[in-house]
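Please read the structure below before turning to the comments.
Source: prediction; values computed, not measured. Here is how names work: the chains are called A, B, and so on, in the same order as the sequence lines, proteins then strands, and each is numbered from 1. These values consider heavy atoms only, across backbone and side chains, with no hydrogens, waters or symmetry-generated copies.
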Amino acid sequence: MALKLCTEFSIGDEARSRGVDLFKTLSVYNLRHWFDGSTAKIVLDLDIPVVALVNVDGYTKIFASNCKEIDLYVKKLLWSLGIYEDISSFQSIASRDPLLSRFSIEWSGWRLRSSDLWWALVIGVCQQNASFRQGWSMVINIVDIYGRVVELENNGDVVLPPHPGDIVRDPSRLIDTGVGYRAKTIESIARVFTEKRIPSIDDLQKMDSRDIEAVLRGIRGVGSYTARLAMTLALRRYELPPVDRWLKKIVSKVYGVDEKSAEDIWRDMWGMWSGLAAVALTIALDAAPLREALARIERGELLPKIDTGPSPATLWRYTAIVKRRICR
DNA sequence: TGCCAGGCGGGGT
DNA sequence: ACCCCGCATGGC
């Protein structure tokens, strides 16, 4: 399959005038498949498909098989980069926070780059009961095994994350990705999406956060953490934070509260930005495992490092972060 | 080597 | 409303 070049333009001025740092925005939580240090490949629609090439200088090309809805794609690109997201109130809360004040200044240009809802759920499931490294190695393996390469007119090619239909068609290969018992969950999510047993993104966006969470939790294997992470990553809905053991322990330690009330404290502090703040903290601490994260907080090391091995900020530099299983 | 890790659901109380 | 356990896999 080949996609046509529909349009090219620059978002550089727009990004600059809104204080958006495109390198940070494009590189964080990205993979080698979709970022090489200067250009990001952003999948705007997995069904059609639609792909944008965005350079860190802002120069952008949009590719699709059908260029009719180009205005919609441009809008979606700007939305997915968070260009128009006014995070000033997030930054003002962060400036008074012991964990994120430094991050919010040094990384003020970072915006969360949103992804497809189905894919965000897969990412969430891969983080369940696993370390950062293990979780992201699962994601990479899934792309390597199920991803589909499409050509971009005169601009090389791109590997698309698997379409849910690809998983439904042949779930057996999930075993080779190292997801273990999570395979069942990934498969049931894929089925929900292919059978359209879930409201459209537009309909979900009209719903209350609690209701969206309930819809996502209706999928077996998707609990509150995964549902909320997906809402954060795919819908830019941050009012319900994904609280895992990691965040719970850090919050209870740093703010001196019971682990049971960690979520309440976090939501009281961050309000509508709770989910974004949770993701920001993983960046600031390089997603270090709990013990190490607590030690870093103790030492006041609250900015991402570049030499700590795979981390949210450097993930894109790695092709594989753990050894791939040799298939029989 | 045997734990254990950014969850989850099912079963207990 | 809690608490507790098993669960695939890979890292240490």
Donor-acceptor pair, side chain of [X] and main chain of [Y], under 3.5 angstrom:
{"X": "R113(A)", "Y": "T25(A)", "answer": "yes"}
{"X": "R111(A)", "Y": "S108(A)", "answer": "yes"}
{"X": "R317(A)", "Y": "P310(A)", "answer": "no"}
{"X": "R148(A)", "Y": "V159(A)", "answer": "no"}

DNA chain B contacts among residues 224-253 of chain A, heavy-atom distance under 4.0 Å = S224(A), Y225(A), T226(A), D244(A), R245(A), W246(A)
task = On DNA chain B, reading 5' to 3', which nucleotide is the first and which the last to sit with an atom under 4.0 Å from a heavy atom of chain A, could you check?
result = dA5(B) to dG10(B)
For a quick check under 3.5 Å, do [X] and [Y] share a side-chain donor-acceptor pair by atom type?
{"X": "E8(A)", "Y": "T60(A)", "value": "no"}
{"X": "Y181(A)", "Y": "N129(A)", "value": "yes"}
{"X": "Y29(A)", "Y": "S115(A)", "value": "no"}
{"X": "S104(A)", "Y": "Q91(A)", "value": "no"}

request  = Rounded to whole angstrom, note down the P distance from dC4(B) over to dC4(C).
outcome  = 15 Å
task = Please state the C1' separation for the pair dC5(C) and dC3(B) - nearest whole angstrom.
result = 16 Å
Using atom [atom1] of [X] as one end and atom [atom2] of [N] as the other, report the distance to the nearest whole Å.
{"X": "D176(A)", "N": "dT9(C)", "atom1": "CG", "atom2": "P", "answer": "10 Å"}
{"X": "I140(A)", "N": "dG10(C)", "atom1": "CD1", "atom2": "P", "answer": "14 Å"}
{"X": "W136(A)", "N": "dT9(C)", "atom1": "CH2", "atom2": "C1'", "answer": "18 Å"}

For [X], report the nucleic acid contact type (base, sugar-phosphate, nothing); a contact means any heavy atom under 4.0 Å.
{"X": "A287(A)", "answer": "base"}
{"X": "R220(A)", "answer": "sugar-phosphate"}
{"X": "V179(A)", "answer": "nothing"}

ask   = Is V28(A) linked to L77(A) within one hydrophobic cluster, defined over Ile, Leu, Val, Met, Phe, Trp and Tyr using a side-chain heavy-atom separation of less than 4.5 Å?
value = no
ask   = How does each nucleotide of nucleotides 1-7 of chain C score, in 5' to 3' order, for protein heavy atoms under 4.0 Å: base (B), sugar-phosphate only (S), or none (-)?
value = ------B
